[in-house]
Amino acid sequence: MAAQPRRLENLHTDKGKVPVYATGVVEQPWDSYTATDHDVWRRLYARQCELLVGRASEAFLRAQDAMGMTLDAIPRFSDINEVLSAATGWTLIGVEGLLPELDFFDHLANRRFPVTWWIRKPEQFDYIEEPDLFHDLFGHVPLLMNPVFADYMEAYGKGGVKAHGIGADALQHLTRLYWYTVEFGLIREHGQLRIYGSGIVSSSGESIHCLESAAPNRIGFDLERIMRTRYRIDTYQKTYFVIDSFEQLMDATRPDFTPVYARLATQPSLPAGTVLASDHVFQRGSGEGWASDGDV
């Protein structure tokens, strides 16, 4: 019998938080999920489905319906793969936790999306530092049903493999693009701002904050502007970037980024809360509650 996959979370030491990485692909141990695990899924799923009505993008909500996930129990990856593979050629693979960057990019480049097999504990219900099954499966996977977004994710993976070979600065700039689009992106639909980023759709607090709080900036998408902008990993975002469509993302990703990285190397990075005179500003944030340090 195969060994039970490990549950890998960050280690907290006297020198701070230490990320733990694993490279292996594992079978989802569905029969080992406890009643508590299924209940955590059920409660998270129900809360987010209620919150996202009128807040999430139509594309996300349509994709979620088409995928067939329910609150009854943690979905089986094999069931999701039947639907997802038929729609866009993507498949889910089970992982134990965070992946090294190059492994992650390689999976995306080959239309494989890594999903952490374990779900957060009840005491982590409202916040968990690293991605768990709920964040990955509920937050990321539905939009892989959308053909344009699915192509964007593949292109991003291929770009990540290339950036990894170029060097640390290129990789940092590309990571910011992922953060402000895939994880924390907003989209304009029918004249309204809506959520598509996985880090938002899987978070009850940020689902409200990103659209309704006066604190953050909301700024129009600009590729190089985003790649210069630092971000927050410990609080709600100071700035959200707004796309007009997923086609806009795909178009921005098509060119070779090598000359982009060269230009960015000559420019300073921008604090997360910066508003530039050249920005298309949907809202200039009040800055209320912002931490004065800690931008990544």
Side-chain angles (χ1 to χ4, degrees), residues 5-12 17-30 33 37 40-41 43-45 47-48 52 56 60 63-64 67 69 74-77 80-81 84 90-109 111-144 149 152-153 156-157 160 171 174-185 195-207 210 231-237 296:
R6 298 168 298 171
R7 176 187 179 118
L8 296 182
E9 300 182 67
N10 291 325
L11 295 178
H12 292 267
K17 184 176 67 176
V18 179
V20 178
Y21 296 98
T23 59
V25 174
V26 300
E27 290 294 323
Q28 182 191 23
W30 196 90
Y33 292 132
D37 292 332
V40 168
W41 168 269
R43 292 191 293 129
L44 286 168
Y45 189 96
R47 180 172 71 174
Q48 285 309 109
L52 292 178
F60 178 88
Q64 188 182 51
M67 184 161 285
M69 287 191 287
I74 294 172
R76 295 178 186 267
F77 295 174
I80 298 296
N81 277 339
L84 184 59
W90 278 78
T91 57
L92 310 184
I93 56 170
V95 296
E96 296 175 308
L98 290 172
L99 294 174
E101 289 165 336
L102 187 56
D103 293 75
F104 179 68
F105 294 142
D106 181 69
H107 285 309
L108 296 188
R111 292 196 174 232
R112 300 185 299 262
F113 193 82
V115 176
T116 304
W117 73 265
W118 51 265
I119 196 164
R120 67 194 69 181
K121 300 169 184 175
E123 58 268 28
Q124 299 169 311
F125 189 80
D126 288 318
Y127 177 73
I128 184 169
E129 291 179 331
E130 53 269 290
D132 72 332
L133 181 146
F134 185 76
H135 169 80
D136 287 343
L137 193 54
F138 183 95
H140 279 287
V141 173
L143 277 179
L144 294 176
F149 192 82
Y152 172 68
M153 290 293 283
Y156 183 89
L171 196 56
L174 193 66
T175 298
R176 291 169 178 165
L177 178 63
Y178 189 90
W179 188 266
Y180 279 119
T181 59
V182 177
E183 291 286 358
F184 291 96
I195 304 161
Y196 74 92
S198 60
I200 309 176
V201 297
S202 60
S203 166
S204 61
E206 197 137 12
S207 295
C210 70
Y231 57 85
R232 307 292 306 188
I233 62 171
D234 57 346
T235 65
Y236 296 148
Q237 299 306 301
V296 172

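Hydrogens, waters and symmetry mates are skipped; everything else that's a heavy atom, side chains included, is used.
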Any donor-acceptor pair under 3.5 Å linking the side chain of [X] with the backbone of [Y]?
X: Glu130; Y: Val20; value: no
X: Tyr45; Y: Met69; value: yes
X: Arg120; Y: Phe125; value: yes
X: Arg7; Y: Ile119; value: yes
X: Asn81; Y: Thr91; value: no
X: Trp117; Y: Arg6; value: yes
X: Gln48; Y: Val201; value: yes

So do the side chains of [X] and [Y] get within less than 4.5 Å of each other, counting heavy atoms only?
X: Asp106; Y: Arg112; result: yes
X: Asp126; Y: Arg47; result: yes
X: Leu84; Y: Met67; result: yes
X: Gln28; Y: Ile74; result: yes
X: Asp132; Y: Glu9; result: no
X: Asp103; Y: Tyr21; result: no

Measuring from [X]:[atom1] to [Y]:[atom2], what's the distance to the nearest 0.5 Å?
X: Leu52; Y: Ile200; atom1: CG; atom2: CD1; result: 10.0 Å
X: His107; Y: Leu99; atom1: NE2; atom2: CG; result: 5.5 Å
X: Leu92; Y: Arg111; atom1: CG; atom2: CZ; result: 13.5 Å
X: Phe184; Y: Glu206; atom1: CZ; atom2: CD; result: 5.0 Å
X: Leu44; Y: Leu137; atom1: CG; atom2: CG; result: 12.0 Å
X: Met153; Y: Leu108; atom1: CE; atom2: CG; result: 5.0 Å

Considering non-hydrogen atoms only, spot the tightest contact between [X] and [Y] and give its length.
X: Glu96; Y: Trp118; result: O-NE1, 2.8 Å
X: Arg232; Y: Asp234; result: NH2-OD1, 3.1 Å
X: Ile195; Y: Ser207; result: CD1-O, 3.6 Å
X: Leu144; Y: Phe149; result: N-CD2, 4.5 Å
X: Ser202; Y: Gly139; result: CB-CA, 4.4 Å
X: Trp41; Y: Pro75; result: CZ2-CD, 3.4 Å

Describe, in one word, how the ring planes of [X] and [Y] are oriented to each other, choosing from parallel (under 30°), tilted (30 to 60°) and perpendicular (over 60°).
X: Tyr231; Y: Trp179; result: parallel
X: Phe104; Y: Phe113; result: perpendicular
X: Phe134; Y: Phe138; result: parallel

query = Is the count of non-hydrogen atoms from other residues, nucleotides or ligands lying under 6.0 Å from Glu27 atom CD greater than 12?
reply =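 No, not enclosed.
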ask   = Any luck finding a side-chain donor-acceptor pair between Thr116 and Asp136 under 3.5 Å?
value =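 Result is yes, a qualifying pair exists.
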query = Is the closest side-chain donor-acceptor distance between Thr181 and Tyr152 under 3.5 Å?
reply =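 Yes.
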ask   = What's the verdict on side-chain contact (heavy atoms from CB on, under 4.5 Å) for Leu133 and Phe77, showing C-alpha distance, side-chain angles and the deciding distance?
value = CA-CA 11 Å; Leu133 181 146; Phe77 295 174; 4.0 Å; yes
